[in-house]
Amino acid sequence: MTYKKTLFQREQRSEAEFPIRKPISWLFLVALVCSWPSLAEPFLQQVEQDLTDHAHDMQWPKFRHEIALWLPNNAQALPDCQTGLKITRSNPSKAPIGRVNYSVECTDTKWQLRAVATVKVFLPVLHAKAEIARNQALSAGNSFYKEAEVSRLSQGFITKPQDRQQFLPTQFQQVMSKRRIRAGKAISPYQLQIANLVSAGETVIIRAQVNNFSATMKGKALQSGKLGDKIQVENLSSNKRIQAIVVETGVVETVF
């Protein structure tokens, strides 16, 4: 089966800005519609809708994209579909970027064909500014955002703050590299881990608050924990074991 290809380029914004669209290249669209009347435009609209929905779910920031469409040459001989086309992705569980296979079906005239869209998405992606050693903390000094075509990043990627916040440093949270990351390379979530703020066996400060009463005491962590984890600690004054929440480095708060 042979296919004919055309290319569309657009810039899109996420969330509330999705409906705002810049005009596509009408020269390409007219050429395609002339070749495949009633097929090209709804196919393009479905591809863009799938991408828009996915970008919204992933909370992507502003992004740029290119769409290349392939339709079989024999589609020109098919009768027009009067009741509307049914256009669906062959694998809905896969992100609609990169090479995306579609099924195009017309129920009234009983024809079906396969079509392909190649969707390139360009996003600001976190990269290593300098080499990041194993167990080194992520920081503004060794990482930066740079636009990249994300369908090529098979191990995943980290974009602007609204995406994958669990891998961004906060006031009390450190993000560490699991392995060495070379300078200039995109940083994958699988290369990072959140550092423990409390390690098993270390002395911690236990904070307790009931109504207007608050107190602090020394304790011993019986488990390691990250920010927000519930762990077991031992009150060194009473030798009682209690459950507490990790709130910052070496500090836990009691759970009632």
Side-chain angles (χ1 to χ4, degrees), residues 1-125 147-157 159 162-164:
M1 183 179 291
T2 59
Y3 289 84
K4 186 173 181 179
K5 170 189 173 184
T6 192
L7 177 68
F8 304 88
Q9 296 188 30
R10 233 179 238 184
E11 182 177 303
Q12 234 175 22
R13 299 173 184 268
S14 62
E15 299 176 343
E17 298 179 63
F18 275 137
I20 301 173
R21 294 183 173 183
K22 292 187 176 181
I24 63 172
S25 171
W26 290 106
L27 179 62
F28 283 129
L29 183 58
V30 169
L32 188 61
V33 170
C34 289
S35 300
W36 302 294
S38 75
L39 266 183
E41 190 169 5
F43 182 28
L44 175 63
Q45 290 173 352
Q46 185 62 55
V47 173
E48 290 200 314
Q49 185 61 55
D50 290 344
L51 177 59
T52 296
D53 292 343
H54 181 71
H56 182 270
D57 292 342
M58 298 302 295
Q59 300 180 28
W60 283 349
K62 177 181 175 181
F63 66 96
R64 182 171 61 87
H65 73 272
E66 297 175 359
I67 296 175
L69 301 180
W70 279 266
L71 286 166
N73 284 332
N74 61 6
Q76 300 176 68
L78 294 173
D80 288 345
C81 189
Q82 302 300 322
T83 59
L85 295 167
K86 182 180 179 182
I87 304 173
T88 55
R89 277 185 287 154
S90 302
N91 186 359
S93 62
K94 180 184 174 184
I97 60 175
R99 181 184 173 90
V100 189
N101 295 316
Y102 279 84
S103 171
V104 182
E105 181 180 1
C106 179
T107 55
D108 59 354
T109 52
K110 305 296 183 183
W111 57 259
Q112 185 176 13
L113 58 84
R114 289 180 297 170
V116 179
T118 297
V119 182
K120 294 183 178 181
V121 175
F122 301 85
L123 275 167
V125 171
E147 187 181 79
E149 204 275 282
V150 298
S151 67
R152 297 176 177 271
L153 304 177
S154 59
Q155 297 301 309
F157 57 90
T159 185
Q162 56 264 55
D163 182 28
R164 305 184 187 278

Engineer: Sequence neighbours left out, what passes side-chain contact (heavy atoms from CB on, under 4.5 Å) with Q112? Give chain and number order.
Structural biologist: S103, E105
Engineer: Heavy atoms, side chains only, cut-off 4.5 Å: are F157 and L123 in contact?
Structural biologist: yes
Engineer: Hey, are the side chains of L71 and L113 touching, using non-hydrogen atoms and a 4.5 Å cut-off?
Structural biologist: yes
Engineer: Over 60° means perpendicular and under 30° means parallel, so classify the ring planes of F63 and H65, tilted if in between.
Structural biologist: tilted
Engineer: Given side chain to side chain contact (heavy atoms under 4.5 Å, CB included), test I97 with V150 step by step and report yes or no.
Structural biologist: CA-CA 8 Å; I97 60 175; V150 298; 4.0 Å; yes
Engineer: For residues S93 and N91, report the shortest heavy-atom separation together with the two atoms involved.
Structural biologist: OG-OD1, 2.7 Å
Engineer: I'd like to check V121 versus L51 (side-chain heavy atoms, cut-off strictly below 4.5 Å). Are they in contact?
Structural biologist: yes
Engineer: Would you indicate whether the side-chain heavy atoms of I67 and T118 approach each other to under 4.5 Å?
Structural biologist: no
Engineer: Between NZ of K94 and CZ of R99, what distance do you get to the nearest 0.5 Å?
Structural biologist: 8.5 Å
Engineer: Within this structure, what is the CD-CD distance for the pair Q45 and E48, rounded to the nearest 0.5 Å?
Structural biologist: 8.0 Å
Engineer: Going by ring-ring contact (aromatic ring centres under 6.0 Å, His included), name the pairs with one or both residues in residues 73-113, residues two or more places apart or in two chains.
Structural biologist: F43-Y102
Engineer: Counting N and O atoms only, with roles assigned by atom type, does the side chain of T159 sit under 3.5 Å from a partner on the main chain of V125, one being a donor and the other an acceptor?
Structural biologist: no
Engineer: Any side-chain heavy-atom pair from R64 and E147 closer than 4.5 angstrom?
Structural biologist: yes
Engineer: Under the disulfide bond (SG atoms under 2.5 Å apart) definition, can you give me all pairs with a residue in residues 88-125, not counting sequence neighbours?
Structural biologist: C81-C106
Engineer: Is R89 close to N101 at the side-chain level, that is, under 4.5 Å between some pair of heavy atoms?
Structural biologist: no
Engineer: Determine, step by step, whether V104 and L39 satisfy the side chain to side chain contact (heavy atoms under 4.5 Å, CB included) criterion, reporting the C-alpha distance in whole Å, the side-chain angles of both residues, the deciding distance to 0.1 Å, and the verdict.
Structural biologist: CA-CA 9 Å; V104 182; L39 266 183; 3.8 Å; yes
Engineer: Does some side-chain heavy atom of D80 sit less than 4.5 Å from a side-chain heavy atom of Q82?
Structural biologist: yes
Engineer: Out of curiosity, I87 CD1 to L44 CG, how far, rounded to the nearest 0.5 Å?
Structural biologist: 9.5 Å
Engineer: Please examine the side chains of H56 and T52, heavy atoms only from C-beta on, and report whether any two atoms are closer than 4.5 Å.
Structural biologist: no
